[in-house]
J.: 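One structure, as structure tokens, below. Some questions next.
First listed ligand is number 1; within each ligand, the first listed atom is number 1. For reference, positions follow the sequence shown, starting with 1. Because the structure is predicted, anything quoted here is derived from the model rather than measured.
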Amino acid sequence: MIIAIDGPAGSGKSTVAREVAKRLGLRYLDTGAMYRAVTLLALEAGLIPERISEAQVLAASTPIRVIQQENDLARVFVGDREVSQEIRGPLVSRHVSAVSADPGVRSVLTERQRQEAATGDVVLEGRDMGTVVVPQAEVKVFLTASVEERARRRQLQLAAQGIELPLEQIANDLRARDAYDSGRALAPLKKADDAIEIDTTAMSVEQVVNAVCALALGKGCSRTGWKLEEGGEKPERWPLCGMVRSPLDTRLYRVAYSFIPWLWRHLFRMHIEGAENVPLTGPVVLACNHRSNLDPFFLGSACPRMVHFMAKAELWKSRALGWLVERMGAFPVKRGEADREAVRRALEVLEAGAVLGVFPEGKRHREPGLGEIQPGVSLFSLREGVLTVPVVMTGTERVVRNHCLRFPRVRVAFGPPIEIPSKDLPRAERGALVVQRLTDAMKALLTEVGEKQ
Ligand code: DC
């Protein structure tokens, strides 16, 4: 198993990569430390700024060892000399971007990093792991965080080394480094197209580590038998929306859901239960009852991750509306017929490790209770590695009455993922069991939120 973790300075890469490696029993390589070591040597040899291109020779001729430590930054040796402290000082930090932009230095270090990865079972952390060094990695993660939060973390890290710097100065340095690292022509800091993006700004280290480990376990990593803790840590903020993003997730959705949940919570006094039942990573089918055309907005507001909705094809009749809905990550389904294209799109969402939102009753059911669950949902629930989370909503049927907008209380409840029937059973039987279990789980949730069945 190879795990590639990329992201800007201060996004939490080192801490997360170290902890993930420890839990999964993998080796860990901090590639930034290698660029820092070469920068230190180049500074000492007087190659900066005019003769940076000569740093390649230094990089090629000097053995650099990065030694992992349990709970601290890696120890770094150049030959026999330990440089762990020096490479993390402000002088090296100021010049490392320029040195790491040099093609000669990059080709030497990229080759060494590939050699490290060749034996497998490693977590590599840097800027171009997923895009250049190990594009074949089974798990690719791109960590981000706001610049203010990254500066705060860096300040704490420096303070632990006895270096006191004002927050503003650190933030400015980070901005400059981001611009340099992202703007360089060669192997810039960039999210790989197939990487999962995690915005760590409001997440605890534990949450991020859990998310990355869950991704690795989803890809078959089982070195130590570690598993996501029951229930996990609960999100501290309401909601955790959009912190973990699949490659298919869209910018418009992110922008829209930066304010819709807040608005909805206040307008409809939304009550959300069990959101922690939605796994933070990996493919998920959210199967929800359907009472109003506005349901996707409520479900999207309650769910911690972006939801790709299967939406009725009629919405695409208006080109503008179709464009908008498509940009929100939804795709059309022609109801009442076997729509192959819709199935293909749905499987594409799951394949990308994203969340698929379906309304398995097939059409709106405004009355109390649950309509009949259509068998088609099992097509998705029975896919390898997919979890199916039952969800119910009440109150949305009263939002629009006689063409008037009202503000009833809306409740949303997520249940634990349904148990997937054993593979030994015939396919048809497995499908029927999925429908039965989903029906039972959704009815039980409706009772829980106070609706008689
Ligand atoms: O992760 P860090 O802050 O220790 O990285 C130091 C610098 O090294 C960073 O500014 C960019 C560069 N770097 C790189 O270009 N490619 C990598 N794989 C890792 C780091």
Side-chain angles (χ1 to χ4, degrees), residues 2-18 28-43 48 52 55-56 59 64 66 68-69 72-76 83-117 122-135 137 140-145 147 150-151 153-158 161 163 165 170-192 195 200:
I2 298 180
I3 302 179
I5 303 184
D6 290 303
S11 55
K13 291 188 308 291
S14 303
T15 317
V16 169
R18 188 171 57 231
Y28 156 56
L29 185 66
D30 173 357
T31 63
M34 298 170 86
Y35 284 97
R36 286 174 177 274
V38 173
T39 305
L40 177 68
L41 295 177
L43 277 166
I48 296 177
I52 289 182
Q56 173 183 10
I64 299 170
V66 183
Q68 203 29 56
Q69 299 205 95
D72 207 354
L73 296 172
R75 288 179 74 185
V76 182
V83 294
S84 314
Q85 291 287 332
E86 283 162 283
I87 60 163
R88 299 203 168 90
L91 188 64
V92 170
S93 296
R94 201 167 315 132
H95 295 289
V96 63
S97 284
V99 174
S100 58
D102 179 76
V105 172
R106 290 212 80 81
S107 85
V108 171
L109 294 189
T110 297
E111 195 42 47
R112 289 207 187 151
Q113 291 154 14
R114 286 188 179 143
Q115 280 166 10
E116 278 287 334
V122 63
V123 181
L124 293 110
E125 170 242 307
R127 304 294 190 287
D128 58 342
M129 298 301 109
T131 48
V132 175
V133 177
V134 282
K140 294 188 194 178
V141 176
F142 192 81
L143 299 185
T144 60
V147 74
R150 292 191 283 131
R153 293 177 188 168
R154 210 13 77 97
Q155 194 182 41
L156 286 175
Q157 216 174 43
L158 288 170
Q161 296 167 32
I163 304 168
L165 282 181
I170 300 177
N172 287 339
D173 283 353
L174 284 176
R175 282 190 195 97
R177 206 129 69 84
D178 284 356
Y180 209 121
D181 292 344
S182 322
R184 69 179 177 224
L186 197 63
L189 164 66
K190 187 172 162 289
K191 183 176 98 64
T200 69

J.: Counting from 1, what ligand 1 atoms have a heavy atom of Ser97 closer than 4.0 Å?
T.: 10 (O)
J.: Provide the closest heavy-atom pair for Glu86 versus Leu40 in the form atom of the first, atom of the second, distance.
T.: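 The pair with the smallest heavy-atom distance is CB-CD2, 4.0 Å.
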J.: Do side-chain atoms of Ser182 reach the backbone of Ala179 as a donor and acceptor pair under 3.5 angstrom?
T.: no
J.: Minimum distance, heavy atoms only, to atom 15 (O) of ligand 1: which one of Arg127, Met34, Arg106 is it?
T.: Arg106
J.: Starting from atom 10 (O) of ligand 1, find the nearest protein heavy-atom neighbour and note its residue, name and distance.
T.: Arg177 NH1, 2.7 Å
J.: To the nearest 0.5 Å, how far apart are CZ in Arg177 and CD1 in Ile170?
T.: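 CD1 of Ile170 is found 11.0 Å from CZ of Arg177.
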J.: May I ask you to decide whether Arg154 forms a salt bridge with Asp173, counting only side-chain N to carboxylate O separations under 4.0 Å?
T.: no
J.: Closer than 3.5 angstrom, by distance alone: can the side chain of Arg175 be matched with the main-chain N or O of Asp178 as a donor-acceptor pair?
T.: no
J.: Can an N or O of Tyr35 be found at a distance shorter than 3.5 Å from an N or O of ligand 1?
T.: no
J.: So, 4.0 Å and heavy atoms of Gln113: is ligand 1 close enough to count as a contact?
T.: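 Not so, Gln113 does not reach ligand 1.
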J.: Please report which non-hydrogen protein atom sits nearest to atom 19 (C) of ligand 1, along with the residue it belongs to and the distance in Å to one decimal place.
T.: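 Its nearest protein heavy-atom neighbour is Thr31 OG1, 3.4 Å.
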J.: Give yes or no for whether the N/O distance cutoff of 3.5 Å, strictly under, is met between Asp181 and ligand 1.
T.: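 Among all N and O atoms of Asp181, at least one is under 3.5 Å from an N or O of ligand 1.
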J.: Where is the nearest protein heavy atom to atom 12 (C) of ligand 1: which residue, which atom, and how far?
T.: Ser100 OG, 3.5 Å
J.: I need the nearest protein heavy-atom contact for atom 4 (O) of ligand 1: residue, atom name and distance, please.
T.: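 In this structure, atom 4 (O) of ligand 1 has Arg36 NE, 2.8 Å as its nearest protein heavy atom.
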J.: Taking atom CD1 of Ile2 and atom CE of Met129, what is their separation to the nearest 0.5 Å?
T.: 11.5 Å
J.: So if I count the atoms of ligand 1 from 1 in the order they appear, which ones are less than 4.0 Å from some heavy atom of Met129?
T.: 18 (N)
J.: Under 3.5 Å between any N/O of Arg184 and any N/O of ligand 1: does that happen in this structure?
T.: yes
J.: Looking at Arg150, Lys13, Arg153, which hits side-chain hydrogen bond (donor to acceptor under 3.5 Å, both in side chains) with Thr200?
T.: Arg153
J.: May I ask you to identify the nearest protein heavy atom to atom 20 (C) of ligand 1, giving residue, atom name and distance to one decimal place in Å?
T.: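 Heavy-atom neighbour on the protein nearest atom 20 (C) of ligand 1: Gly32 CA, 3.5 Å.
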J.: Report the member of Asp128, Asp102, Val105 with the shortest heavy-atom distance to atom 18 (N) of ligand 1.
T.: Asp128
J.: Quick check against the 3.5 Å criterion: does Asp6 have a side-chain atom that pairs as donor or acceptor with the backbone of Gly130?
T.: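 Checked: pair present.
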J.: Under a 3.5 Å threshold, yes or no: a donor from one side chain and an acceptor from the other, between Arg36 and Ser100?
T.: no
